Amino acid sequence: MTQDIQSLKAEITDEVKAACDLKSLDDVRVSVLGKKGRITALMKTLGKMTPEERQTKGRDLNILKDEIADLIKHQESALKKQEMDARLASETQDITLSPRPEYMGHIHPISQTIEELTTIFAAMGFSVAEGPDIEDDYHNFTALNFPPGHPAREMQDTFFLPETQDEEGEYAKKLLRTHTSSVQIRHMENNKPPHKIICFGRTYRSDYDLTHTPMFHQMEALMIDKETNMGHLKGCIMDFVRAFFEIDDLPVRFRPSFFPFVEPGAEIDIGCSREDGGLKIGAGDDWLEIGGSGMVHPNVLKNCGLDPNEYQGFAFGMGIERMAMLKYGIPDLRTFFESDLRWLRHYGFNPLERPNSATGVKS
Ligand code: DAH
């Protein structure tokens with residue numbers, strides 16, 4: 001490239017870079033590439049040159065023309081982006097409304113407790129499963145090793161729906177599930193092992209007093225694998241109750257008990273004190289029952305198509321209201337479902353401070 005083209009290129013490059021808006025960039029473009037532009041004028045001189053001169057000069061000018069056109073294009077997109085950024089920054093509207101505590105709703109203690117439990121079990125690798133509130137006798141009882149007429153069914157008296165015909169043409173009464181253990185069956189029927197699930201949901205029994213309501217909530221855990229044993233059951237429950245009550249050395253005791261769908265079965269107790277009529281979790285040498293647990297009965301595994309010689313595991317279940325009452329000092333179960341706003345304002349939780357799997361239980 002000859003000296004004059006080199007310096008012209010430097011000159012134009014400076015001008016393009018100095019153009020700080022689209023209008024001045026366009027002025028530069030016209031002054032260079034327009035009809036009377038500097039490169040256009042030079043192009044016109046080619047005709048008067050000798051063929052040799054024209055060949056080199058013409059090539060150099062074309063290269064320069066392309067380079068400058070490219071440079072202008074680049075600068076143009078940089079300026080357009082700059083302009084868009086400036087518009088976005090100046091035209092953004094803040095549509096959020098600042099918090100007004102006087103109007104803020106409250107999270108019901110049941111929802112809060114479920115959120116906390118989900119957070120804890122998610123951290124342990126459990127996933128959340130669901131099942132229907134309206135169940136059939138098979139999933140609520142029979143598959144769980146409560147044969148028809150078994151006396152253990154009487155402990156779970158529930159509400160029956162009018163008789164309907166099922167897929168096989170049999171007449172049967174559906175019922176409102178008495179426990180979330182039915183979800184164990186539904187999950188195992190529809191998924192391949194290993195199983196590691198937690199379930200939360202409404203359950204129903206025909207009871208009503210200070211500690212029983214016809215509808216309440218339960219949680220159910222199920223873990224099935226080839227070598228899952230009672231040690232895993234104990235470790236899992238201890239870690240979970242200690243995390244939930246936020247007491248690192250909370251005493252936990254397993255007391256032999258009977259549930260048709262587990263063998264062996266155990267009730268879960270946590271340490272407490274009951275001095276001066278007040279209940280304190282974690283202190284003292286008294287015990288409080290919080291749920292049932294055990295190793296899933298071979299008959300239950302068989303009912304779900306699993307070979308008990310290959311698969312084994314544990315299950316446990318407990319009442320969610322009870323967990324909430326104990327953790328948050330709520331004395332009467334019935335108040336959970338009275339929809340009294342004063343109660344909810346007192347025992348409810350700030351929706352902006354809900355725990356989640358990112359923040360953990362304590363935040
Ligand atoms: N389903 C039982 C009930 O409602 C609670 C229960 C006991 C669940 C033992 C379990 C278990 O998974 O292993 O009373």
Side-chain angles (χ1 to χ4, degrees), residues 96-122 128-135 140 155-162 174-183 198-221 240-241 244-246 270 272 277-281 288-292 317-357 359 361-363:
T96 54
L97 196 58
S98 49
R100 293 165 299 166
E102 66 282 17
Y103 293 125
M104 194 153 65
H106 291 75
I107 301 293
H108 194 284
I110 292 290
S111 306
Q112 170 77 16
T113 304
I114 290 177
E115 196 82 12
E116 292 175 16
L117 293 167
T118 308
T119 306
I120 293 169
F121 281 99
V128 176
E130 289 182 329
D133 287 21
I134 298 176
E135 257 306 357
N140 196 78
M155 286 155 59
Q156 301 195 359
D157 187 14
T158 185
F159 303 95
F160 289 85
L161 280 81
K174 290 232 172 165
L175 49 87
L176 294 181
R177 67 178 175 196
T178 59
H179 52 184
T180 42
S181 302
S182 52
V183 180
I198 181 90
C199 158
F200 307 97
R202 283 180 291 270
T203 46
Y204 307 82
R205 295 189 198 175
S206 46
D207 278 332
Y208 192 62
D209 60 34
L210 195 70
T211 52
H212 297 92
T213 49
M215 189 279 299
F216 57 105
H217 295 76
Q218 278 194 344
M219 131 187 148
E220 187 87 18
F240 135 60
V241 288
F244 179 76
F245 289 107
E246 294 169 29
I270 55 173
C272 69
L279 181 72
K280 197 165 178 319
I281 304 289
L288 179 75
E289 188 226 309
I290 56 162
M318 56 192 63
I320 297 175
E321 285 80 0
R322 187 157 172 74
M323 298 294 275
M325 287 165 82
L326 293 172
K327 181 163 176 179
Y328 296 113
I330 305 173
D332 186 344
L333 173 68
R334 291 172 295 196
T335 56
F336 276 80
F337 311 115
E338 283 170 355
S339 303
D340 184 336
L341 276 180
R342 291 164 303 175
W343 182 89
L344 195 55
R345 278 190 203 110
H346 182 78
Y347 288 111
F349 292 83
N350 181 338
L352 301 177
E353 286 174 7
R354 300 187 78 185
N356 58 51
S357 31
T359 58
V361 174
K362 286 189 183 175
S363 73

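What you see below is based on every heavy atom in this structure, not just the backbone, and it leaves out hydrogens, waters and symmetry mates. Since the structure is predicted, the reported quantities are computational estimates derived from the model, not experimental observations.
Here the closest non-hydrogen pair linking H106 and G348 is CB-CA, 3.9 Å. The minimum heavy-atom distance linking P109 with A324 is given by the pair O-CB, 4.4 Å. Across all their heavy atoms, F216 and F337 have their closest contact at CA-CZ, 4.4 Å. Pairing each heavy atom of M104 with each of N350, the nearest pair is CE-OD1, 3.6 Å. The minimum heavy-atom distance linking I114 with T118 is given by the pair O-OG1, 2.6 Å. Minimum heavy-atom separation, C199 to V183: SG-CG2, 3.5 Å.
Within the 3.5 Å criterion, the main-chain N or O of L176 finds a donor-acceptor partner in the side chain of T158. Counting only distance, with no hydrogens or angles, the side chain of R334 and the backbone of T211 share no donor-acceptor pair below 3.5 Å. When atom types are taken as modelled, the side chain of E220 and the backbone of S181 share a donor-acceptor pair closer than 3.5 angstrom. With hydrogens and angles disregarded, a donor-acceptor distance shorter than 3.5 Å links the side chain of R322 to the backbone of E289.
Proximity of F244 to T113: side-chain heavy atoms (C-beta onward) are separated by under 4.5 Å at one or more points. F336 is not listed as a side-chain neighbour of T213, based on a closest heavy-atom distance of 4.5 Å or more. Contact check for D133 versus T203: no side-chain heavy atoms found under the 4.5 Å cut-off. Side-chain contact between F349 and E115 is absent, with no heavy atoms from C-beta onward closer than 4.5 Å. Taking the side chain as every heavy atom from C-beta outward, E246 and K327 approach each other to under 4.5 Å.
Summarising the local packing, CD1 of I134 is surrounded by 12 or fewer heavy atoms from other residues, nucleotides or ligands at distances under 6.0 Å.
Note that the CG atom of D207 and the CE atom of M215 stand 13.5 Å from one another [nearest 0.5 Å]. To the nearest 0.5 Å, the span separating CE on M325 from CD1 on I320 amounts to 14.0 Å. Taking SG of C272 as the reference point, atom CG of L279 lies at 5.0 Å (rounded to 0.5 Å). The structure places OG of S182 at 4.5 Å from CD of E135, a figure rounded to the nearest 0.5 Å. Interatomic distance, H346 NE2 to T335 OG1, rounded to the nearest 0.5 Å: 10.0 Å. With rounding to the nearest 0.5 Å, the separation of OG1 in T180 from CE in M219 is 8.5 Å.
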> Which is it for F159 and L175 under the side-chain contact (heavy atoms from CB on, under 4.5 Å) test, yes or no, and what are the steps along the way?
Replying inline: CA-CA 6 Å; F159 303 95; L175 49 87; over 6 Å; no
>> Does H212 form a side-chain contact (heavy atoms from CB on, under 4.5 Å) with D209? I'd like the steps, not just the answer.
In response: CA-CA 5 Å; H212 297 92; D209 60 34; 3.0 Å; yes
>> Under the criterion side-chain contact (heavy atoms from CB on, under 4.5 Å), I'd like the reasoning laid out for T178 against Y204: C-alpha separation, chi angles, the key distance, then a yes or no.
In response: CA-CA 5 Å; T178 59; Y204 307 82; over 6 Å; no
> When you look at H217 and E321, which way does the side-chain hydrogen bond (donor to acceptor under 3.5 Å, both in side chains) test go after all the steps?
Replying inline: CA-CA 7 Å; H217 295 76; E321 285 80 0; 2.7 Å; yes
>> side-chain contact (heavy atoms from CB on, under 4.5 Å), that's the test. Do L344 and I107 meet it? Break it down for me.
In response: CA-CA 8 Å; L344 195 55; I107 301 293; over 6 Å; no
> So W343 and H108, ring pair (Phe, Tyr, Trp, His ring centres under 6.0 Å) or not? Walk me through it.
Replying inline: CA-CA 10 Å; W343 182 89; H108 194 284; 5.4 Å; yes
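Of the charged side-chain nitrogens involved, none lies within less than 4.0 Å of a carboxylate oxygen, so that D157 and R205 do not count as a salt-bridged pair.
The aromatic rings of F121 and F240 sit tilted relative to each other, their planes meeting at an angle between 30° and 60°.
Judged by the 6.0 Å and 45° rule, K174 forms no cation-pi pair with F160.
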